[in-house]
Amino acid sequence: MEKYDFNAIEKKWQDYWDENETFHAEIDHEKPKFYALIEFPYPSGQGLHAGHPRPYTAMDIIARKRRMQGYNVLFPMGWDAFGLPTENFAIQNKIHPREVTKNNVKKFKEQCKSFGWSFDWQREVDTTDPDYYKWTQWIFLQLFKSGLAYKKEMAVNWCTDCKVVLANEEVVGGECERCHGEVIRKVKSQWMLKITEFAQELIDGLADVDYPDRIAQSQINWIGRSTGAEVDFAVGTAGNVSADGDVLRVYTTRPDTLFGSTYMVIAPEHPYIEKWANSLNNIDEIRAYADKAARKSDFERSELVKEKSGVRLDGINAINPVTEKEIPVFVSDYVLMSYGTGAIMAVPGHDQRDWEFAKKFNLPIVEVVAGRDAHGIPSNIEKCAYEDTEDGVMVNSGFLNELNVSEAKSKITAWLKETGKGKKKINYKLRDWVFSRQRYWGEPIPVVWCEKCGGWVAVPEEDLPLMLPEVDNYMPAENGESPLSVLDSFINTTCPTCGGFAKRETDTMPQWAGSSWYYLRYADPHNDKEFVSKEALEYWLPVDWYNGGMEHTTLHLLYSRFWHKFLFAADKVNTPEPYLKRTAHGMILGEDSQKMSKSRGNTVDPNALVAESGADSVRLYEMFIGDFEKTATWNTAGIKGCKRFLDRTWALMDILVCGNEYSEKLAGSIHRTIKKVSEDIEQMKFNTAIAAMMTLINEIYTVGEINKAELRAFLILLSPFAPHISSEMYEMTNEGAIHNEQWLDFEPELCAFDKVEIVLQINGKIKERMMVESGTAQSTLIAAAKENEAIKAALGGKEIIKEIAVPDKLVNIVVK
RNA sequence: GCCGAUGUGUCGGAAUGGCAGACGAGGCAGACUCAAAAUCUGUUGUGGACAACCACGUGUGGGUUCGAGUCCCACCAUCGGCACCA
């Protein structure tokens, strides 16, 4: 047998799959469908990196197995191609981003094909294609018409380098996620999407899908539902606060501690600073503090401020509604305008942040809950705040005294309602989605401003796509607005409602937009009448299995679920959730165990490895590297073992003999391997599935020969992992093609071993082993153990206290 | 600070509460070769003994159990995420 020529064989099968459209899927009501989805990549200039093949190969294995199990499999691929790196490259090199994207996509596609992934290339989508973004714009218009898209003046994160507004979610470590430029707060008019309207549904929907706990939890934590109360505190000039005057509203999750509230704090952006400016003796100091705080991002305010800071609003006071005492009001940056009402009632005895602030400003700390901590030590609010809500009873709290915390919560909430001083309130941390970008390389937002109509007017659906116009310069304008803002030919238009003069919106959409619905378009990618046909939706949706990175399990997943839930409510899609099952793969680190990055110089080019060792070897190695869900460190040397395994697979041809049934010597091993590989694929335990196949081939070589039936079984198991070599060897020894084969069943009774080794222990220490028939009864095992010479000697007449036998495993005799 | 995850040979990693280290890499020894590569065979947790064998071993300290890498409590370290969320 000649040496395994992976270059020729892999090329041969990739061409075969291409020419025969082997993996093209069409609606077929005769077959059950299976929709496998991977996160489509951003086609960067560097091409694929070592992280891409891991999830793609994993879902390819699942897709190939499902096809052999008789499913009609949809496994599509596309390009999430809008975004900053392309735009920055275009700016630097004076090439149109469309050209940059075209080149990058070409490179990515060639690389993908060289891995042999079984994508349906006829369903390829590209978010920057007008035929695609036409429908992204169309979905935006549906949101707009439903009142879920609105424009708002608000403090936003402003990247001083990119000169763009960032969503909170895109600010990492106080820096711009993309360019690491300084992020400050700036007030700007922005398009917003009301994701908050779906907050509860986004939590509830998780009950109906199969997500790992850590992913469901991250969604729930991000949405951040809490139950508490809104409470109104009367405010007025110090010493003269009237109960029926102005009120300052707070949100609290601990209304039970109301008696312990000894001061209030408002956020630096709170409107009451200017509202009460005339009554404040130190307004200049307050404004200076607020200005300084406003320049910082929420992250900096929360992370970098080690010691509490703040300024008292000298001149006004508030009244605690239960104690009826006047209490001071402060401004401090530890209170955020973006959560709750932007004001808090401070309870220093039972909130550590308030406690620190109170210590610093020498404010009274009143204990209203007394209890013990987790160690059973009585609470002492002189040392730190007591935040436990499980243990403890109310003290110094008037009509709440002697109640526990939850009873106190109910009672005070009822009291607030009765007196009209507050009410129960469910609050979400989730904020509306900032949807505008002042950038070129994104979808234009299809609305126009009409003075006569007095507002924003939707571009008619029949005018979509609203094409991204040609510009000379892709840089945001000097004032930070999009490059579209300097194009008169784009801006000036007529109002579709009144026909008068109107101006187009010049902001574009964020990259998240196109990726929020791409899985729908795959079902019907060439439809120019609808974003997806009813028929395609009903057949293909929902996605059966969606795998992607852990880094997308909050933002992308939440955004796309939000769009889907909106489309479901608008009767445009037929399922309440887009993805039935979601899994997440671990990151691949460089050989130095650091995150792979160009600047660190630890990146790995997977296509160089394909050229060197073959796609099948690299595919196997990416799956063999470790637990799929965990972070893995790259080790190029590890490919060697996988390459060797394939060379040994090829060499099976040298020991091939006749035979249409499994031989006695290998039948058990083959059935066990079928079981192991089948089960491991379902649990994404690809590493142990490969190990099982390696074990089998070792056994085959020990036996010294393999017959045709055994080789066929081996190749079927291997084919999802290493499809090229399996296809070739199958073709050499069978009629037809391996992808038309059925996946294998195993017979449980044939998986069992005839004889098993039983471990004999005394007091849990192994003393001897013995072979017995599998399934031997416990009593027989114990009797046999006691007859064993080594055990007899070890027992030495000691008193037996207990005898434990586990069938097919062990016997343990406990002695004194 | 909070939340989440992870700690196992030289390395990547296996182990429904039941033989720790499967499988692979690397090392060592040998076969083949003029030689090397490739391939094949054996060996490879640590300490002690010529040896059968003994002791110790899954981040640390406790606990539950006949039996713990696995379950519980506390702690340490590393990595990731974060919005002081009231």
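All chains are named by letter (A, B, ...) in the order of the sequence lines, taking the proteins before the strands, and each is independently numbered beginning at 1.
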Review point. B/rU65 and B/rA14: how far apart are their C1' atoms, nearest whole angstrom?
Key: 25 Å

Exercise for review: Determine the Euclidean distance between corresponding C1' atoms of B/rU64 and B/rC73; express it in Å to zero decimal places.
Suggested key: 11 Å

Review point. Considering only heavy atoms, which members of residues 678-687 of chain A lie under 4.0 Å from some atom of RNA chain B?
Key: A/K685, A/N687

Review point. Among B/rC23, B/rG18, B/rG26, which nucleotide sits nearest the side chain of A/K640?
Key: B/rG26

Check your understanding: How about A/F330 and A/F357: are their ring centroids closer than 6.0 Å?
Key -> yes

Check your understanding: Taking the side chain of A/F624 as its heavy atoms from C-beta onward, which of B/rC23, B/rC40, B/rA86 lies nearest to it?
Key -> B/rC23

Exercise for review: Describe the nucleic acid contact of A/D354 in one word from base, sugar-phosphate, nothing, applying a heavy-atom distance below 4.0 Å.
Suggested key: nothing

Check your understanding: At under 4.0 Å between heavy atoms, what does A/S226 touch on the DNA or RNA strands: base, sugar-phosphate, or nothing?
Key -> sugar-phosphate

Exercise for review: Cation-pi check, A/R648 to A/Y701: give yes when NZ or CZ is under 6.0 Å from the six-membered ring centre and within 45° of the ring axis, no otherwise.
Suggested key: yes

Point to revise | Whichever of A/I625 and A/V759 has its nearest RNA chain B nucleotide further upstream toward 5' | key: A/I625

Review point. Is the shortest distance from a Lys or Arg side-chain nitrogen in A/E803 or A/K786 to a carboxylate oxygen in the other one below 4.0 Å?
Key: yes

Practice item. Evaluate the criterion ring-ring contact (aromatic ring centres under 6.0 Å, His included) for residue pair A/F686 and A/F624; output intermediate values, then yes/no. Key: CA-CA 7 Å; A/F686 305 107; A/F624 190 57; over 10 Å; no

Review point. Expressed as a whole number of Å, how far does the C1' atom of B/rG13 sit from that of B/rA83?
Key: 37 Å

**Study point:** Trace of the side chain to side chain donor-acceptor pair (under 3.5 Å) decision for A/T583 with A/N547
**Key:** CA-CA 5 Å; A/T583 51; A/N547 185 78; 2.7 Å; yes

Check your understanding: Does A/K630 make a side-chain N or O approach to OP1 or OP2 of B/rG80 shorter than 4.0 Å?
Key -> no

Exercise for review: With C1' as the reference atom in both, quote the distance from B/rC53 to B/rG61 in angstrom, rounded to an integer.
Suggested key: 32 Å

Exercise for review: Hey, which sits more toward the 5' end of RNA chain B by its nearest nucleotide, A/C642 or A/D627?
Suggested key: A/D627

Point to revise | Pairwise C1' distance, B/rG48 and B/rG62 [rounded to whole Å] | key: 30 Å

Point to revise | For the student: nearest non-hydrogen atoms of A/A267 and A/L336, plus distance | key: CB-C, 3.9 Å

Review point. Which listed nucleotide (B/rA15, B/rU16, B/rC85) is nearest to the side chain of A/R431?
Key: B/rC85

Revision key, fill the gap. From the list A/I813, A/V814, A/I762, A/I782, side-chain contact (heavy atoms from CB on, under 4.5 Å) partner of A/I800 resolves to A/I813

Review point. Given A/E682 and A/K676, is the salt bridge (charged side-chain N to carboxylate O under 4.0 Å, His left out) satisfied, shown in steps?
Key: CA-CA 10 Å; A/E682 295 308 314; A/K676 179 78 178 153; over 6 Å; no

Point to revise | B/rU6 to B/rA86 separation - P atoms, rounded to the nearest Å | key: 26 Å

Check your understanding: Taking only side-chain nitrogens and oxygens of A/Y251, does any of them come within less than 4.0 Å of OP1 or OP2 of B/rC85?
Key -> no

Exercise for review: Between B/rA22, B/rG18, B/rA86, spot the one nearest the side chain of A/K809, thanks.
Suggested key: B/rG18

**Study point:** Candidate nucleotides B/rA14, B/rA25, B/rA86, ranked by approach to the side chain of A/L336 - the nearest
**Key:** B/rA86

Exercise for review: Using the C1' atoms only, state how far B/rA77 lies from B/rC23, rounded to an integer number of Å.
Suggested key: 29 Å

Review point. Would you call B/rG9 syn or anti, using the 90° rule around 0?
Key: syn

Can you give me the N/O atom pairs linking the protein to nucleotides 64-70 of chain B at distances under 3.5 Å, or say none if there are none?
{"residue": "B/rC66", "atom": "OP1", "partner": "A/K802", "partner atom": "NZ", "Å": "3.1"}
{"residue": "B/rC66", "atom": "O2'", "partner": "A/N812", "partner atom": "ND2", "Å": "3.4"}
{"residue": "B/rC66", "atom": "O2", "partner": "A/N812", "partner atom": "ND2", "Å": "2.5"}

Practice item. Taking atom P in both B/rU10 and B/rG47, compute the distance separating them and give it to the nearest angstrom. Key: 10 Å

Practice item. Remember a base hit wins even if backbone is also touched, and classify A/R214 as base, sugar-phosphate or nothing at under 4.0 Å, heavy atoms. Key: nothing

Exercise for review: Describe the nucleic acid contact of A/R648 in one word from base, sugar-phosphate, nothing, applying a heavy-atom distance below 4.0 Å.
Suggested key: sugar-phosphate

Review point. Hey, does A/F645 reach any base, or is it just sugar-phosphate, or nothing, if we go heavy atoms under 4.0 Å?
Key: nothing

**Study point:** CA sep, side-chain torsions, deciding dist, call: A/R249, A/E230, salt bridge (charged side-chain N to carboxylate O under 4.0 Å, His left out)
**Key:** CA-CA 7 Å; A/R249 176 166 292 179; A/E230 279 183 346; 3.6 Å; yes

**Study point:** A/N221 vs B/rA83: side-chain N/O to OP1/OP2 distance below 4.0 Å
**Key:** no

Point to revise | Sugar-phosphate, base or nothing in reach of A/K429, heavy atoms under 4.0 Å | key: base

**Study point:** Ring centre gap for A/W634 and A/Y621 strictly below 6.0 Å
**Key:** yes

